[in-house]
Amino acid sequence: MPENDLETPGGRDISSLGFDSSGILRLEWARGIVIDAPNAQLAMDRVNAMCDGRPTPLLIDMATTESVSRAARAVFAKRCDASAIALLGASAVDRVLANFFLGVNSAPVPTRFFTDRDEAVRWLMSQGHDGA
Amino acid sequence: MTGRDDDRRLEELVDGIVVLSSGDLSNRLEVSPARDGIDAVTTGINLLAEELQSMYEDMEVRVAERTALLEAAKAELRRVINTDELTGLASRSLLQEKVAEAVTGAGRGPQPALILLDLDSFRLINDSLGHAAGDAVLREAALRLGAAAGARHLIARLSGDEFAVLVVDQEPDAVLEIASRLSESLKDRIVAGGVAVALTAGTGVRLGEPGLRSEELIRDANIAMHEAKKRGRDTLLVFSAAMHEAAKQQVHLVAELRTALATDELELEYQPIMDLRTGTIAGTEALIRWRHPDLGLLAPDTFLDAADEAGLTVEIGHWVLRNAIAQTGRWKSDPGLPADFSTHINLSPADLHHVDLAPYVEDLLVRHGVEPRHISIEITETAIMRGGPEVAATMQSLNDLGVRIEIDDFGTGYSSISYLRTLPASQAKIDKSLLDGLTTDRQQETFVAAILQLIHSAGLGAVAEGIEDREQADRLRHLDCEFGQGYFFSRPLPVADMTDLLAHRDGAAA
C-alpha cells in the first residue's frame, strides 16, 4: 500500500507514494499543493527511485492540486521510468489542469486523465509494461 | 454556494480578465476551494495567462539575443566595409565618409586636403613577379605611406595600387610637404619575390578651399593624379582649375566617342605600303579616323587616349579589325589583290590582353573569305615588351592562324634586342624618327643600315614609315629595306581612292 513519506525533504508535498497490489505505483499529492518545478522534479526523482529503472505504470492523484506551473509541466514532459501515466482528478479544475498539460506539453509516455479510479487502473493495466 | 455568490465570483473573474487583457499578464485569478465550473474556467485562464506571459518573456529574450547578434554582424560588416583587407588601411568608403566629415567640420582655419597616389607600372610587378609578390609590395607601400603620413591623417587604399591620404588642419605648404614625403617614402627598394623593386607614384594633390564639397575634393585630387600619371613617372601635381576644364573636355570627348562608335562616325583610311625593290603595292595600313560632326576628320592621336581612359580601346580595336578585314575581303573580290598584299592593322596592348582575339580574327577571316596571309597585325615594340605572357600567347595564336605579325615603332622602345629572334614576327617597321637626317647625315645612314641589318639578321623583313621624298626611298632601297610607306608614295586614302589604286596598280603609285 502507498506509504506516507513525510520525513524526506519535500516529502510534505507528496501525501503518499508506493506500489499497490497490482504493481501500479501510486502518487498522491498533498492537499492544496501548488506544484512548481522543484517539487515536480523531486516527485519525479522519487518515482524513478521507486521504479529503479523498470518501466512502471503510474497513477497520480491530483484531485486536490491547487495549480501546476509551466515550469513544473516542463519537468513532467521529461521521460521518467513510468511506462504510462493516469492522472486522476475529481473536479472540473483537475480536468483543466490535466488537459492543459496534455495539450500543451507532449507527454513522453501514454498519459490520460481520469475521474474514475477503477477506470484509470484498468487503463494502466491495459498498457504494455514490464510490471513490478 | 448561492446564485448571488456565483454572480460575485463571475464578476471577479471578469475583472481579472480585464486586468489580463490590459497587458498585465502577471495577474492571476483566485481559485476557490469549490473547484467547480467557475474555478475550472479561472484555472484555464490562469494557465493561458501564464503560457502567454512565458511566451512573451521567451520572445523578449530571443529578440534581445537576435538584436545583439545583428548588432555584432553590423559592426563586423562595418569593419569589413571600412577596412582594406590586404593592407589594413581604410577603405574607399571610409575615406569618403571621413572626407565628408572633415569638409563639414572644417572651421575657418586650414581646410582639409586630399593626396592621391597611384603607383607607377605596378602591373609589371604583378605580371612579372606574381600576385603574391605584388601584394607584399602593396603591404610594404602601405606601411611606408602610413609612416610618412603620420598617425593624424587618414590613409586609405582605394583600389589595386591607388592610395589616398586625407590631411586635416594643415596649411598648404605642410600638405605639399606631406605629399612629397609620401612619394619619397616609396623609393627605397622593396624586396618582393626575390627581387628588389623601386617604386614611384603619380601623385595628385587637392588643397582644400572653403565651400569645396567633399565629392569635389575627391574628384579634383583624382584629376590631378591622372594628369600627373600622364606626365610620366614620379610626378606630383597640385590641382588647378585648368585641369578641371581639360578633364571636362575629356569627359565630353568620351561621351561623343561612344556615340561615334554607335552611329558609325568612325572610318578607316588606307595608306599604301610599297615594295621598294619593285615599286609595286605590297600592302596598306588601315588608319582610324573620326568624322566628327563639328570638328571634321580627326586623327587618332586626338581621341585614342580618351578612348583608353573610357575603356573603349578594345571595342575600337574590334571595330577596326571588323572593318579592315571586311574591306580586304571586298578588295579581294574586286578589283583583286596582289599575291603578297597584306592589310596592316594596328592593335593596342589592351586588345592583345584578350585571349579571344585570335578566334575573333579567325572568325572574321572566314566570314569575309580573306586568307590569313593578307592580314598583318602591327604591335608596338613597347606593347610586346610590357605585355607579358598573355600578349606573347595571343601573338603566337595569331601567328599560328597564319596572320603576319609586325613589330611597330621598332627602334623607339627600350627593349633588349635578343627578343627579336624569339618573337613570332615576320616584319619590323622602323620608326620615322630614324629617317631624319638619313640623306644628309652619313652617321645616321650608317645607323639605319645597322638597324636594317639587325632586322634582317633576325630573319625579318623591314618596313620604313614616314618616307617623304624620293631620295629617302632610294637610300632605303639601297640599304635593302624591302618596304616603305609615306607621303612620298601616298597620303592615307579614303576607301574609294585605295580601291582605285589597287584597280590600276600596274600604273604604279609613285
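Naming: A, B, ... by sequence-line order, numbering from 1 per chain.
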Item to complete: Run the salt-bridge test on B/Arg79 and B/Glu76 with the 4.0 Å N-O cut-off and return the result as yes or no.
Response: yes
Worksheet entry | Residue A/Asn99 versus chain B: region with a heavy atom under 4.5 Å | neither
Discussion item. Which atoms of B/Gln53 are under 4.5 Å from chain A, going by heavy atoms: the side chain, the backbone, both sets, or neither?
Written reply: neither
Worksheet entry | Per-residue contact mode, A/Arg73 against chain B (heavy atom under 4.5 angstrom) | side chain
Discussion item. Does any part of the side chain of B/Ile190, heavy atoms only, come nearer than 4.5 Å to the side chain of B/Arg144, both counted from C-beta?
Written reply: yes
Worksheet item: Which bit of B/Leu48 comes within less than 4.5 Å of chain A, counting heavy atoms only: side chain, backbone, both or neither?
Response: both
Item to complete: Report the relative orientation of the aromatic rings in A/Trp123 and A/Phe114; use parallel for angles under 30°, tilted for 30 to 60°, perpendicular for over 60°.
Response: tilted
Worksheet item: With distance as the sole test, does B/Glu216 use its side chain to make a donor-acceptor pair with the main-chain N or O of B/Arg213 at under 3.5 Å?
Response: yes
Discussion item. Please identify, among B/Ser54, B/Ala40, B/Gly37, the residue contributing the most non-hydrogen atom pairs under 4.5 Å to chain A.
Written reply: B/Ala40
Worksheet entry | Exam field: side chain A/Asp36 to backbone A/Ala72, donor-acceptor pair closer than 3.5 Å | no
Item to complete: Could you tell me which portion of A/Ser69 (side chain, backbone, both or neither) has an atom closer than 4.5 angstrom to a non-hydrogen atom of chain B?
Response: both
